[in-house]
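Here is the structure we will look at.
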Amino acid sequence: MAERDYNFQEIEKKWQARWINEGIFKTRQDTSKKKFYLLEMFPYPSGRLHMGHVRNYTIGDLMARFMTMNGHNVLHPMGWDSFGLPAENAAIQNNIPPMKWTRDNISHMKSQFAKLGFSYDWDKEVATYKPEYYKWNQWVFCRMFEKGLAYKKKAPVNWCPECATVLANEQVEDGKCWRCDSEVIQKELNQWFFKITVYAEKLLKGHDILKAGWPERVLVMQKNWIGRSTGLQVNFKLESGEDFPIFTTRPDTVFGVTYMVIAPEHPFLETIAQGEVRDFIERFKNQPILERLSEDKEKEGIDTGLKVINPFNGEKIPLFVGNFVLMEYGTGAIMSVPAHDSRDFAFAKKYNIPIKVVIDNPDSPLDINTMTDAYVDDGICIHSGPITGMNNREGIEKISDYAEDKGIGKRDVNYRLKDWLISRQRYWGCPIPAVYCEKCGTVPVPDDQLPVVLPVDVDFQGSSQSPLKQMDSFVNTTCPKCGGHAVRETDTMDTFVDSSWYFAKYTSPGSKDMFDRDAVNYWMPVDQYIGGIEHAVMHLLYARFFTMVLQDLGLLQCSEPFTRLLTQGMVIKDGSKMSKSKGNVVDPDEIIKSYGADTVRLFMLFASPPDKDLDWSDKGVEGCFRFVGRVWRFVEKFRELYTPEGSPEGVNLSTELKKIRSELHRTIKAVTYDIRERMQYNTAIARMMELTNALYQVPENEFSTSEGKLVLSEIFNSLIPMLSVFVPHVAEEMWESIGRPTLLYRHNWPGFREDLTVKEEIEIVFQVNGKNRSKMNASSSITKEEMEKAALDDGKIKELISGKQVVKVIAVPGKLVNVVIKG
RNA sequence: GCCCAAGUGGUGGAAUUGGUAGACACAAGGGACUUAAAAUCCCUUGGGCUUUAAUGUCCGUGCCGGUUCAAGUCCGGCCUUGGGCACCA
């Protein structure tokens, strides 16, 4: 038999076709196996797959194949997050209908997926732009409306006066419109919200479930995003007698309040503010929030002339309007204690407001005249009525008790988390199913009239506004309640709504209902979710919220959608993220053409651990290609010696064969551990490279002996199945070439014998005061005592410690001995 | 600015629980094979110092300091880079 060259193009085509023909990726209902739902974040169909996608889906495919080989019943679906801004931009710029643009992109990207050999069950495909999908966005919206979880309120948007249109943050560059370059302003619109704040506590509580399977850092980010803080609501009063409540986390400083600040958009100001104050408010109401909060912008404020009364001491203090106070947080107003808050301190200095120390530094008393910044540490309360003399930590509790007692305040919890604004003044999205009737007000569209279908015959050329607004046939309708004339909501939903429940739809995409009960209960929750770290907060938080809502609606049994999460790093080239503008994009298609999908996949897994950024290198790809070839040639050379049932179990082996067999079992152990426990695929590949290098070191004639053939067979029976999760096509080809008739995809993952993984001889290092000075080879069964004795008997060590006092000897079993000396 | 990460040879990275820093790979250099080239196979490779050379010696994981017999790993303080910051998805 002649040795064949590694022809990856032929091999990959052949096996991709066979996998499809035999339908091996089709999910089967099999209750005899444990289910495993593996999900990768679905892509936005931007047109072409980029390396970030390839990386994400390669990691997913490895896990899907690994879990399948380990006897699990795996659900591994793929779909399209297909509503969004880019489709609309394409329509405006190139006059392509968003629907056509989206469909074309999906079909092209699907062909790219096919070339990579991913194990998706395409029967489970989901696309969010389809009415049969987004109908259920609308249906859930109606349920949430009924429960008061969907509501309308005023909220600012970025507005370009020139284009007369709402801009996404992305479309605002340096405060200017990206198309016409005119100044962007803020404008208040009446918009829809989901009341995610109701679930703040539950979202935090869920961390108890998630901490076993989610990266710590993601949970920390979510926790900080929700931003729970406990404190006191204090009932300040205006001079006029009106209530003026504020929330503070530092009630221990309430006697040091010297002014109050209110948000510019506070409704209270609308009636009273005039003149200069009015101008100030108008100026900052139009300032984009990001800019207003940015620390490099100076904090600005203006005295309203009004006075507020501190209920604790009756002091009258001035009320300012400040651009740094947010209407969304707390009550839209704050108390300011310049002596103990840096921002307040700077503000007080700027506007010449008095500063009053109420917490003293126990080590060195504070002096207002010499203070250059606020004192924010703990200390002793002074000039603070009932808590004077107390430690301020204790003071927080005592003053809260006091306030509740006197009825001038009550303990409260505040969250940084804001309700989810879902209204988008755009076309290519899921229509919000509401109508407005002059008589009946806001009316949700009844279930039997869902879905409210997004019209597709639209004109983008006329105006920059959402085309929906100009479509009389869409806008004009009848009121479901009274039958009179009504107009439809023309806003569409944030695309994050679409991606908040797609994982449940995958379980039964053909269902006429939202999803099939049995299927969703069998598969949910997702056992392993994989996607970019950039989604650590928003997408993952919204999906968790939505799952909780669905659970409360009785539609899902789980409260958390994703049991385990892997956040993969980005693909970098030349120090920055691959992007068109940087001109450092590597096209997956080209690399597949030159090296094959197997090599691309291998490199994606080898170049760095999955959760770290990956540095693209053309040379590195070549190295992976070389490794595949190296295994290929080894198998080609020896495949005739292979016997399918060959096993060296119980056979007397030469030293050389014993050594390589031990190496094999160590490799299987390490690769299995790296994949299953550590999710660190780069080291798993390195292990297999080491084994391959070792195979090349074995004298050829060793394998032609009868025992050698058995060892070789065991090697092939383990190495090729292991490789199949990394380089599935070439692994199948090698498997076939040694005469195995069945597909590797359904083969078992190889096992190993623990006793064979133990090295007979190990190296023990001898240190003196922590520095390596000598070493020896020893049997792996050497005891601690023997190690210590050997170290002290070692010539080199003896020399170094002679005349010195040995303080102690520390032995780490199997590793080293450290002799600590003095003098 | 706020929240979260990361920083190790010429390069990507390894070091699983505080225990031999640099596995594996790339690049570079050398050798074998070849008429030649490619491919392949084999060897060397963190830096400095010093005696023909060694089982020698010192330095070395962003910077400064600390804990420890022992620190890439733990603690405190910085610096730089990246992700997110609510309408990109």
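Chain naming here is simple, since letters A, B, ... match the order of the sequence lines and numbering starts at 1 in each. The basis for the numbers below is simple: all heavy atoms, side chains too, and nothing from hydrogens, waters or symmetry mates.
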Check every strand shown and say whether R217(A) touches a base, only sugar-phosphate, or nothing at a heavy-atom separation below 4.0 Å. sugar-phosphate

Are K796(A) and F766(A) in a cation-pi setup, meaning NZ or CZ lies under 6.0 angstrom from the ring centre and within 45 degrees of the ring axis? no

Considering every strand and a 4.0 Å limit on heavy-atom distances, what is the contact class for V166(A): base, sugar-phosphate, or nothing? base

Write down the distance separating the C1' atoms in rG9(B) and rA15(B), rounded off to the nearest Å. 15 Å

Within the 4.0 Å heavy-atom criterion, would you say S423(A) contacts the bases, only the backbone, or no part of the nucleic acid? base

Rounded C1' spacing from rG46(B) to rG12(B) in Å: 16 Å

Need one value for L417(A): base, sugar-phosphate or nothing, where a base atom within 4.0 Å counts as base even if backbone is also close, heavy atoms only. base

Considering only the P atoms, how many Å lie between rU20(B) and rA70(B), rounded to the nearest integer? 15 Å

Once pairs are restricted to Watson-Crick or G-U wobble with both distances under 3.5 Å, how does RNA chain B read as a dot-bracket string, [ ] for crossings and | for other-strand pairs? (((((((..(((......[....))).(((((.......))))).(((((...).))))..(((((..]....))))))))))))....

Every protein N/O within reach of nucleotides 27-30 of chain B N/O, cut-off under 3.5 Å:
none

Which of these nucleotides, rC42(B), rA89(B), rG13(B), is closest to any side-chain atom of N682(A)? rG13(B)

Cation-pi, Y696(A) ring and R630(A) (6.0 angstrom, 45 degrees): yes

Show your reasoning for whether side chain to side chain contact (heavy atoms under 4.5 Å, CB included) applies to L614(A) and M604(A). CA-CA 8 Å; L614(A) 181 153; M604(A) 283 287 155; 4.2 Å; yes

Looking only at side-chain atoms of N169(A), point me to the closest of rC88(B), rG13(B), rC59(B). rC88(B)

Which value, in whole Å, describes the distance between the P atoms of nucleotides rU68(B) and rU73(B)? 16 Å

P spacing across the pair rA38(B) / rA28(B), given as an integer number of angstrom: 12 Å

Write down the distance separating the P atoms in rC3(B) and rU8(B), rounded off to the nearest Å. 25 Å

Nearest to the A686(A) side chain among rC87(B), rC24(B), rC3(B), which nucleotide is it? rC24(B)

Pairwise C1' distance, rG72(B) and rG19(B) [rounded to whole Å]: 13 Å

If we take the C1' atom in both rA6(B) and rC78(B), what is their distance in whole Å? 16 Å

Anything under 3.5 Å between a protein N or O and an N or O of nucleotides 19-22 of chain B, put it in a table, one pair a line.
unit_1: rU20(B); atom_1: O3'; unit_2: N772(A); atom_2: ND2; d: 3.0
unit_1: rU20(B); atom_1: N3; unit_2: E763(A); atom_2: OE1; d: 3.1
unit_1: rA21(B); atom_1: OP1; unit_2: N772(A); atom_2: ND2; d: 3.4

